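Remarks on the structure that follows.
Note that the structure is a prediction, hence the values are computed from the model and not measured. Each chain gets a letter, A, B and so on, in the order the sequences are listed, and its residues count up from 1.
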2 protein chains.
Amino acid sequence: MTRRTVPKSEETRRRILAAALTVFRERGFQNATMREIAAAAGVAVGAAYYYFDSKDALVMAFYEQAQDEMAPELERILSASHTIEQRLRGIIGQKLAYFAPNRALVGALTAHIDPAHPLSPFSTATAPIRNRDLAFFERAVAESKLRLPASILPYLPRLLWLYQMGLVLFWVYDCSPQQGRTGMLFDKTLRMMRMAFKLAELPPLRPLFRPAGELLRAIYGEV
Amino acid sequence: MTRRTVPKSEETRRRILAAALTVFRERGFQNATMREIAAAAGVAVGAAYYYFDSKDALVMAFYEQAQDEMAPELERILSASHTIEQRLRGIIGQKLAYFAPNRALVGALTAHIDPAHPLSPFSTATAPIRNRDLAFFERAVAESKLRLPASILPYLPRLLWLYQMGLVLFWVYDCSPQQGRTGMLFDKTLRMMRMAFKLAELPPLRPLFRPAGELLRAIYGEV
DNA sequence: TTATTATTTTGAACACGTTCAAATAGAATG
DNA sequence: CATTCTATTTGAACGTGTTCAAAATAATAA
């Protein structure tokens, strides 16, 4: 893992990460080599590996940094909005806006689906990062008055997190001008979600609740 | 790409593929090296690359072979069942059963999400393979009498294909004994699907149709 | 200060996927 | 048959991510 102790070395770490991001932006993640990155940071290759476990780890460090930098704005969004729709629009919109200049780089992050891979968004290694992200969805749900059966509501934050992941994935590979298709997808799915929440309060949808709850329990486990 | 001309070289190709699958099974896809594979096939590394573009291409060849071998059974399933539920259960169930001995290897196939990557299930390079797979879902839908609005029905085969992809992905990384959780997921989602199709015929769900149709058009494009 | 220990830095070396010029075998042609 | 052309096969070499023993530097103890 990354070792941070004295602020002295912290500066080197920062320099390497900054150099990496520059090279990634200029040449793309795949084309960028660790030798280039090290050279750009003015150190030997070994030094890069002293601070970062792997080339991918550099991208992960970028994401951690992003999380730190976005947190205040996400807080603001949470307190400024009150419906779940507004909040989702705000949170996810903010992330897309923040990552826009490094859209391709985010692709390197979402590239690993295997939960066994340390850099997968589903791995135990990334659990802290994921949970921090999840917490925003938990608050977005908790503090808005949603009427949903108890067998489903507890899973909602995780479902919304997954929704976000899917949307980001679509966005990363969306080659339409200005990623306009993602915009449409975002808009229309939010609208459908609002309708679904409304419909869920009507009797005809009741029969879906039980199997839906069971399904979620099967996927995520108890509680 | 792979060059097949005279039946003579076809045998070599087959031998290399067979050797690759053996080595993959014995040592895992990642740990297996092209040098090992070539040695196991009794040829030089270069020969392996003469017949296959890359290490991943070997896995793709395995999938193509699987598609060929499964086709008759899928045909049989289509003609033996008539409800969409039975057909999905049959088709997807058959695939899981077929791939079971090489479950880990399928992981190497589903590892690339990037549609630009030639081996991604979403790439243009794999379009023929994908379309062949899609055709079964098209027939499964067409020949069963489903009552769905015209704005949604055309997308159903693609949605079901995606459902299959998701299920297979879950299965690949399902470490529960005997992949029991996938079994539950499969069962419960099919049941929910049946209910959803039924509910879709009732008036209260109508308001979801229009936005749903628009959403699908936004994702997949016209028609 | 000097000696000792811990941290940081180096760059050659390794393993692997992949490439490619050259060698070989096979087919076609005269 | 010899010759030319094509298909196959070879294995050394390249570029890359990564490792690691050794060197350099900083921190601490004596």
Side-chain angles (χ1 to χ4, degrees), chain A residues 1-21 23-24 26-62 105 108-109 111-112 114 117-119 125, chain B residues 1-21 23-24 26-62 105 108-109 111-112 114 117-119 125:
Chain A
M1 283 289 121
T2 59
R3 295 153 218 198
R4 326 177 189 192
T5 39
V6 259
K8 173 65 190 305
S9 70
E10 182 66 15
E11 207 280 327
T12 317
R13 189 194 129 96
R14 235 188 280 278
R15 206 171 63 245
I16 293 171
L17 180 53
L21 295 184
V23 178
F24 287 156
E26 282 173 358
R27 313 225 317 123
F29 175 75
Q30 298 278 1
N31 294 330
T33 76
M34 290 302 278
R35 284 163 180 83
E36 276 180 283
I37 293 170
V43 297
V45 250
Y49 281 95
Y50 180 73
Y51 289 99
F52 301 93
D53 278 346
S54 65
K55 191 180 170 187
D56 296 84
L58 281 162
V59 194
M60 194 47 89
F62 157 70
L105 195 52
L109 265 181
H112 307 93
D114 183 354
H117 192 289
L119 280 131
Chain B
M1 282 292 121
T2 59
R3 298 154 216 195
R4 326 178 189 190
T5 40
V6 259
K8 173 65 189 306
S9 69
E10 183 64 15
E11 207 280 326
T12 317
R13 190 193 128 95
R14 234 188 281 279
R15 204 169 66 244
I16 293 171
L17 179 54
L21 295 184
V23 178
F24 287 156
E26 281 171 0
R27 314 226 315 123
F29 175 75
Q30 298 278 2
N31 294 330
T33 77
M34 289 301 278
R35 287 164 179 82
E36 276 181 284
I37 292 169
V43 296
V45 249
Y49 280 94
Y50 180 75
Y51 290 98
F52 300 94
D53 278 347
S54 64
K55 191 180 171 186
D56 298 81
L58 281 162
V59 196
M60 194 48 86
F62 157 71
L105 195 52
L109 266 181
H112 307 94
D114 184 354
H117 193 290
L119 279 130

In B/S/- notation (B base, S sugar-phosphate only, - none; protein heavy atoms under 4.0 Å), nucleotides 18-26 of chain D written 5' to 3' is BB-------

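Proximity note for Ala44(B) (side chain, C-beta onward) versus dT10(D), dT9(C), dT8(D): the nearest is dT10(D). In the set dT8(C), dG17(D), dT10(C), the nucleotide with an atom closest to the side chain of Thr33(A) is dG17(D).
Here Ile16(A) contributes atom CD1 and Leu58(A) contributes atom CG; the two are 8.0 Å apart, rounded to the nearest 0.5 Å. If you take CG on Leu17(A) and CZ on Phe24(A), they are separated by 9.0 Å, rounding to the nearest 0.5 Å. Taking CZ of Phe62(B) as the reference point, atom CG of Leu21(B) lies at 6.5 Å (rounded to 0.5 Å).
Every residue meeting the side-chain contact (heavy atoms from CB on, under 4.5 Å) condition with Ala40(A), not counting sequence neighbours, appears here in chain and number order: Ala19(A), Val23(A). Applying the side-chain contact (heavy atoms from CB on, under 4.5 Å) criterion to Leu119(B), with sequence neighbours excluded, gives Ser54(B), Asp56(B), Met60(B), His112(B), His117(B). Residues satisfying the side-chain contact (heavy atoms from CB on, under 4.5 Å) test with Arg14(B), not counting sequence neighbours, are Glu10(B). Applying the side-chain contact (heavy atoms from CB on, under 4.5 Å) rule to Ala125(B) yields the partners Pro118(B), Ser123(B); only residues at least two apart in sequence or on another chain are considered.
A straight line from CZ of Phe52(B) to P of dT8(D) spans 13 Å, rounded to a whole angstrom. If you take CZ of Arg27(A) and C1' of dG15(D), they are 12 Å apart, rounded to a whole angstrom. The distance from atom CG of Asn31(B) to atom C1' of dA15(C) is 12 Å, rounded to the nearest whole Å. Rounded to an integer number of Å, the gap from Glu11(A) CD to dT9(C) P is 10 Å. As rounded to whole Å, 17 Å separates atom P of dA7(D) from atom CZ of Arg13(B). Look at CD on Glu36(A): it is 18 Å from P on dG11(C), rounded to the nearest Å. Remark: C1' of dT18(C) and OH of Tyr51(B) are 18 Å apart, rounded to the nearest angstrom. The interatomic distance linking Ile37(A) (CD1) with dG11(C) (P) rounds to 17 Å, in whole Å.
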* To do: Test Arg13(A) against Phe52(A) for side chain to side chain contact (heavy atoms under 4.5 Å, CB included), laying out the working first.
  => CA-CA 8 Å; Arg13(A) 189 194 129 96; Phe52(A) 301 93; 3.5 Å; yes

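The residue Ala32(A) sits close only to the backbone: its heavy atoms come under 4.0 Å of sugar-phosphate atoms, none of a base. Nucleic acid contact for Ala48(B): none, since no nucleic acid atom lies under 4.0 Å from a heavy atom of the residue.
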DNA chain D in dot-bracket form (Watson-Crick or G-U pairs under 3.5 Å, [ ] crossing, | inter-strand) is ||||||||||||||||||||||||||||||

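For the pair Thr12(B) and dT9(D), the criterion of a side-chain N or O lying under 4.0 Å from OP1 or OP2 is met. Distances shorter than 4.0 Å separate none of the side-chain N or O atoms of Tyr50(A) from OP1 or OP2 on dT9(C).
Every pair passing salt bridge (Lys or Arg N to Asp or Glu O under 4.0 Å) that includes a residue from residues 26-49 of chain B is listed here, sequence neighbours excluded: Arg27(B)-Glu36(B).
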